[in-house]
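As structure tokens, the structure follows; a few thoughts come after it.
Keep in mind that what you see is a predicted model, and the values were worked out from it rather than measured.
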Amino acid sequence: SLQRLEEIEQSSIEHQQVNEEMLNRLSEATNFTLTMTDVDFRYHENQPLVLQQLNLTTQQGEKIAILGKSGAGKSTIAKLLLGSVKATNGHVTINDISTSTLSDEMSNYISVLQQKPHLFDSSVMNNIRLGNIRATDEEVIEVAKQVQLHDYIDSLPDGYHTKMQELGERFSGGERQRIALARILLQKTPIVILDEPTIGLDAITERKLLDTIFRSLEGKTVIWITHHLIGIETMDRVLFIDHGRITMEGTHQQLLHHNPRYQNLYNLDRPITIEK
């Protein structure tokens, strides 16, 4: 517990080092570049490296998929990009500013759609509005339309004032993710991290949700952390992480035509069509 408190104190000191001029420059930017340069990372001093010599650069509007088995380091990359942990070696920056120094400001630039977004026992309207507490009812309804949930919400007896129940249990997994996606659209960040948001959904619901996600996030930088390849053909670039290193990188088509391992993964992961 003391070690964690010391890390929080160190983070506060680093945050003070970001001057007002740097923050103003970032807030006025229209294009955002995330960069990881020669990044090593371990969670504790005596533990092995989770990531090794990782290099990654994203451009505004680019869609990148990060693939890999459980424990390969995918979610650690997300934590580094969000600045919630600091690289052991190397640099992680957004427009040349270290992500670990941005603290609360990071929510203005990067949002996250997680595996199990937290929904509160309040109305649908309030749960969506968490993305921007100053949003009007009309703005909430507009983002609900964008994620193709408005008609369903409108059909409920209390409409947008319907209570979600604890953890959103009143709604299906796909509907809960659409509500969380609507939050992100209200948040209006230029970069979105998708941390396996379709895990646990059936194949049809997953495909429909992915179509909605990528259509809604058009123009934003999307970093999609996933363990399988449904919808991967829509990505601009695909990275495969294995034991903390990038072992495959390229477009879907490049890897499909020239990388036997990727071909095998893709063929194994495609849904089977049964002819009648």
Side-chain angles (χ1 to χ4, degrees), residues 1 3-8 10-12 14-15 32-59 62-107 109-118 180 184 189-200 220-229 232 235-250 261-262 265:
S1 296
Q3 182 179 352
R4 288 198 298 272
L5 287 171
E6 288 172 357
E7 289 171 356
I8 291 170
Q10 180 62 31
S11 176
S12 298
E14 290 172 352
H15 179 250
F32 295 85
T33 301
L34 283 172
T35 306
M36 303 181 75
T37 307
D38 298 330
V39 169
D40 296 334
F41 181 79
R42 56 165 54 93
Y43 281 97
H44 298 289
E45 185 177 350
N46 296 324
Q47 291 183 339
L49 289 171
V50 178
L51 299 175
Q52 304 177 56
Q53 289 296 289
L54 201 75
N55 289 281
L56 172 65
T57 300
T58 72
Q59 302 300 327
E62 189 176 18
K63 298 191 291 294
I64 297 174
I66 299 179
L67 298 164
K69 298 180 291 186
S70 296
K74 304 188 304 297
S75 292
T76 301
I77 292 173
K79 292 177 183 178
L80 285 162
L81 294 175
L82 288 164
S84 54
V85 296
K86 184 180 179 182
T88 304
N89 296 303
H91 305 282
V92 184
T93 63
I94 176 170
N95 286 16
D96 298 323
I97 299 174
S98 175
T99 59
S100 63
T101 65
L102 286 172
S103 188
D104 295 338
E105 282 86 4
M106 185 59 77
S107 62
Y109 308 106
I110 303 179
S111 52
V112 185
L113 183 59
Q114 300 171 322
Q115 296 177 15
K116 294 182 178 179
H118 192 89
I184 286 175
T189 60
I191 302 165
V192 178
I193 295 175
L194 308 174
D195 190 359
E196 304 204 65
T198 61
I199 196 166
K220 297 180 184 290
T221 300
V222 176
I223 299 172
W224 178 27
I225 295 169
T226 182
H227 66 286
H228 62 93
L229 285 76
I232 206 74
M235 296 291 101
D236 298 314
R237 190 155 38 118
V238 179
L239 283 66
F240 192 89
I241 307 293
D242 194 10
H243 293 96
R245 295 181 182 272
I246 296 175
T247 57
M248 286 189 282
E249 183 174 1
R261 185 182 182 190
Y262 185 83
L265 288 171

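- The heavy-atom pair separating A87 from L80 by the smallest distance is N-CD2, 3.5 Å.
- W224 has its side chain out of reach of I66: every pair of non-hydrogen atoms, C-beta onward, lies at least 4.5 Å apart.
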Can you give the donor-acceptor pairs under 3.5 Å from side chains of residues 68-75 to other protein atoms, not counting sequence neighbours?
| from | atom 1 | to | atom 2 | distance (Å) |
| --- | --- | --- | --- | --- |
| K74 | NZ | G68 | O | 2.8 |
| K74 | NZ | K69 | O | 3.1 |

Decide yes or no on side-chain contact (heavy atoms from CB on, under 4.5 Å) for M248 and I241, but give the supporting numbers first. CA-CA 7 Å; M248 286 189 282; I241 307 293; over 6 Å; no
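- A donor and an acceptor atom, one from each side chain of D38 and N89, are nowhere located under 3.5 Å apart.
- Contact check for L265 versus F240: side-chain heavy atoms found under the 4.5 Å cut-off.
- Each of L56, N95, I94 was compared with L34 under the side-chain contact (heavy atoms from CB on, under 4.5 Å) criterion, and only I94 meets it.
- In this structure, L82 and Y109 have side chains that are not in contact, with every pair of non-hydrogen atoms separated by 4.5 Å or more.
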Would I193 and I110 satisfy side-chain contact (heavy atoms from CB on, under 4.5 Å), going step by step from the backbone distance to the final call? CA-CA 7 Å; I193 295 175; I110 303 179; 3.9 Å; yes
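- Here the straight-line distance linking atom CD of E62 with atom CD1 of I64 works out to 4.0 Å at 0.5 Å rounding.
- The distance from the CD1 atom of I77 to the CG atom of D195 is 11.0 Å, given to the nearest 0.5 Å.
- Remark: E249 CD to T247 OG1 distance equals 10.0 Å, nearest 0.5 Å.
- Considering only heavy atoms from C-beta on, K220 stays 4.5 Å or farther from P190 through its side chain.
- For the pair V112/V192, no side-chain contact is recorded, criterion being any heavy-atom separation below 4.5 Å from C-beta on.
- Here the side chain of D236 pairs a donor or acceptor atom with the backbone of K63 at under 3.5 angstrom.
- In this structure a side-chain-to-backbone donor-acceptor pair under 3.5 Å is present from T189 to I191.
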Would T93 and T99 count as a side-chain contact (heavy atoms from CB on, under 4.5 Å) here? Give the steps. CA-CA 5 Å; T93 63; T99 59; 5.6 Å; no
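- Under the 4.5 Å side-chain criterion, counting only non-hydrogen atoms from C-beta, L194 is not in contact with I223.
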Contacts table for residues 47-54: side-chain donor-acceptor under 3.5 angstrom, sequence neighbours left out:
| from | atom 1 | to | atom 2 | distance (Å) |
| --- | --- | --- | --- | --- |
| Q52 | OE1 | R245 | NH2 | 3.0 |
| Q52 | NE2 | H243 | O | 3.4 |
| Q53 | NE2 | D40 | OD1 | 3.4 |

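- Within the 3.5 Å criterion, the main-chain N or O of E196 finds no donor-acceptor partner in the side chain of T226.
- Note that OG1 of T35 is 10.0 Å distant from CG of N55, once rounded to the nearest 0.5 Å.
- Expressed to the nearest 0.5 Å, how far NE2 of H227 lies from CG of L67 amounts to 10.0 Å.
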Between D242 and R261, does the salt bridge (Lys or Arg N to Asp or Glu O under 4.0 Å) criterion hold? Intermediate values first, please. CA-CA 13 Å; D242 194 10; R261 185 182 182 190; 3.6 Å; yes
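- Side-chain atoms of T76 and Y43, non-hydrogen and from C-beta on, do get closer than 4.5 Å to each other.
- For the residue pair S100 / S98, a side-chain donor-acceptor distance below 3.5 Å is found, with atom types taken as modelled.
- Atom CD of Q59 sits about 8.5 Å away from atom OG1 of T221, to the nearest 0.5 Å.
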